Amino acid sequence: MSPVKKSTQKVEGFTADEKAAMKARAQELKAEARASKDRAEGEKAILAAIAGMKDPTDRSMGKRIHELVTAAAPELMPKTWYGMPAYANADGKVICFFQAASKFGVRYATFGFQPDAMLDDGNMWAASFALIKLTSAEEAKITALVKKAVR
């Protein structure tokens, strides 16, 4: 019988990107408390987050999604969430968000919804969508989903 070997792999914990996202979220919470649901401050934060995206495709998609969401649901409050564009309801709960592919070095950007979005459809429904490119078809789907999420 051979002895059991202990793993020599070191557990690293959070990645640098994850730590940066948590730090960004802590700063956002402080800023939200100061801004007290100020739409102009939220808009400014989102546009700065979009401008700071590393990849030009992420920036163009982030800008277009911002336009689509604000047109489809002007009642949602723009804000950043973990350093990415997000849109919250009157209670301050995030309804939808955009995550750039470059944020965590993944293959595609994501447009997603949080549990307070009213997307329930049977026993299973999509809550997040991978985005490679925005065409009129994806834009129409995003607009319809945002409208449904805030119904």
Side-chain angles (χ1 to χ4, degrees), residues 7-121 124-135 138-139 141-151:
S7 175
T8 57
Q9 291 181 334
K10 185 177 178 184
V11 176
E12 295 293 324
F14 295 109
T15 67
D17 288 337
E18 290 167 333
K19 288 176 185 175
M22 288 185 286
K23 183 177 179 182
R25 184 65 185 135
Q27 291 172 340
E28 291 162 359
L29 290 170
K30 289 176 188 174
E32 284 175 25
R34 287 190 305 268
S36 187
K37 296 185 179 184
D38 182 337
R39 178 171 290 285
E41 284 300 313
E43 183 86 13
K44 183 177 161 184
I46 278 185
L47 294 176
I50 292 169
M53 292 177 185
K54 299 173 192 173
D55 184 72
T57 302
D58 287 339
R59 282 193 304 274
S60 66
M61 281 198 293
K63 183 178 179 191
R64 185 63 183 136
I65 285 174
H66 177 62
E67 293 166 352
L68 294 170
V69 173
T70 54
E75 67 272 26
L76 292 178
M77 178 67 71
K79 63 190 271 179
T80 56
W81 191 55
Y82 296 98
M84 291 286 106
Y87 306 85
N89 64 15
D91 295 328
K93 295 183 179 185
V94 171
I95 298 300
C96 57
F97 63 91
F98 174 73
Q99 181 178 297
S102 59
K103 178 73 174 178
F104 296 110
V106 295
R107 186 169 64 91
Y108 50 80
T110 305
F111 183 69
F113 295 89
Q114 287 298 98
D116 287 296
M118 302 296 183
L119 295 179
D120 307 37
D121 185 16
M124 186 172 123
W125 58 90
S128 185
F129 298 86
L131 294 172
I132 301 289
K133 181 180 177 183
L134 285 177
T135 68
E138 288 81 24
E139 290 180 0
K141 178 135 183 145
I142 288 168
T143 298
L145 285 167
V146 169
K147 286 180 179 182
K148 183 177 181 182
V150 298
R151 67 170 189 249

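What you see is a predicted model, and the numbers here were worked out from it, not measured in a lab.
Using a 4.5 Å cut-off on side-chain heavy atoms (C-beta onward), Leu68 and Val146 make no contact. Side chains of Lys133 and Thr57 form no contact here, defined as non-hydrogen atoms less than 4.5 Å apart. Using a 4.5 Å cut-off on side-chain heavy atoms (C-beta onward), Asp91 and Asp116 make no contact. Side-chain contact between Phe129 and Leu145: present, with at least one pair of heavy atoms (C-beta onward) separated by less than 4.5 Å. Contact check for Met118 versus Val150: no side-chain heavy atoms found under the 4.5 Å cut-off. Side-chain atoms of Thr80 and Pro85, non-hydrogen and from C-beta on, never get closer than 4.5 Å to each other.
Listed here is the closest heavy atom pair of Gly83 and Ala49: O-CB, 3.6 Å. A pairwise comparison of heavy atoms in His66 and Ile50 identifies CB-CD1, 4.1 Å as the closest pair. The nearest pair of heavy atoms linking Arg39 to Pro78 is NH1-CD, 3.0 Å. The minimum heavy-atom distance between Lys79 and Gly92, with the atom names listed, is NZ-O, 3.4 Å.
Residues that satisfy the side chain to side chain donor-acceptor pair (under 3.5 Å) test with Glu138, not counting sequence neighbours, are Thr135. Residues forming a side chain to side chain donor-acceptor pair (under 3.5 Å) with Thr15 (at least two apart in sequence, or on another chain): Glu18. Residues satisfying the salt bridge (charged side-chain N to carboxylate O under 4.0 Å, His left out) test with Glu139, not counting sequence neighbours, are Arg64. For Ser128, the side chain to side chain donor-acceptor pair (under 3.5 Å) criterion is met by no residue, not counting sequence neighbours. Partners of Lys147 according to the side chain to side chain contact (heavy atoms under 4.5 Å, CB included) rule, which considers only residues two or more places apart in sequence or in another chain, are Ala72, Thr143.
Here Thr70 contributes atom OG1 and Glu43 contributes atom CD; the two are 6.5 Å apart, rounded to the nearest 0.5 Å.
By the 6.0 Å contact criterion, NZ on Lys148 is enclosed, its count of non-hydrogen atoms from other residues, nucleotides or ligands being greater than 12.
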Item to check | side-chain contact (heavy atoms from CB on, under 4.5 Å) between Ile46 and Tyr87, worked out | outcome: CA-CA 10 Å; Ile46 278 185; Tyr87 306 85; 3.6 Å; yes
Next on the checklist: Is there a side-chain contact (heavy atoms from CB on, under 4.5 Å) between Met84 and Met53? Walk through the geometry before answering.
Outcome noted: CA-CA 9 Å; Met84 291 286 106; Met53 292 177 185; 4.1 Å; yes
Sequence neighbours excluded and cut-off under 3.5 Å, please list the side-chain donor-acceptor pairs for residues 93-111, or say none.
| unit_1 | atom_1 | unit_2 | atom_2 | d |
| --- | --- | --- | --- | --- |
| Ser102 | OG | Asp58 | OD2 | 2.7 |
| Lys103 | NZ | Tyr82 | O | 3.1 |

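The backbone N or O of Gly52 sits nowhere less than 3.5 Å from a side-chain atom of Arg59 that would complete a donor-acceptor pair.
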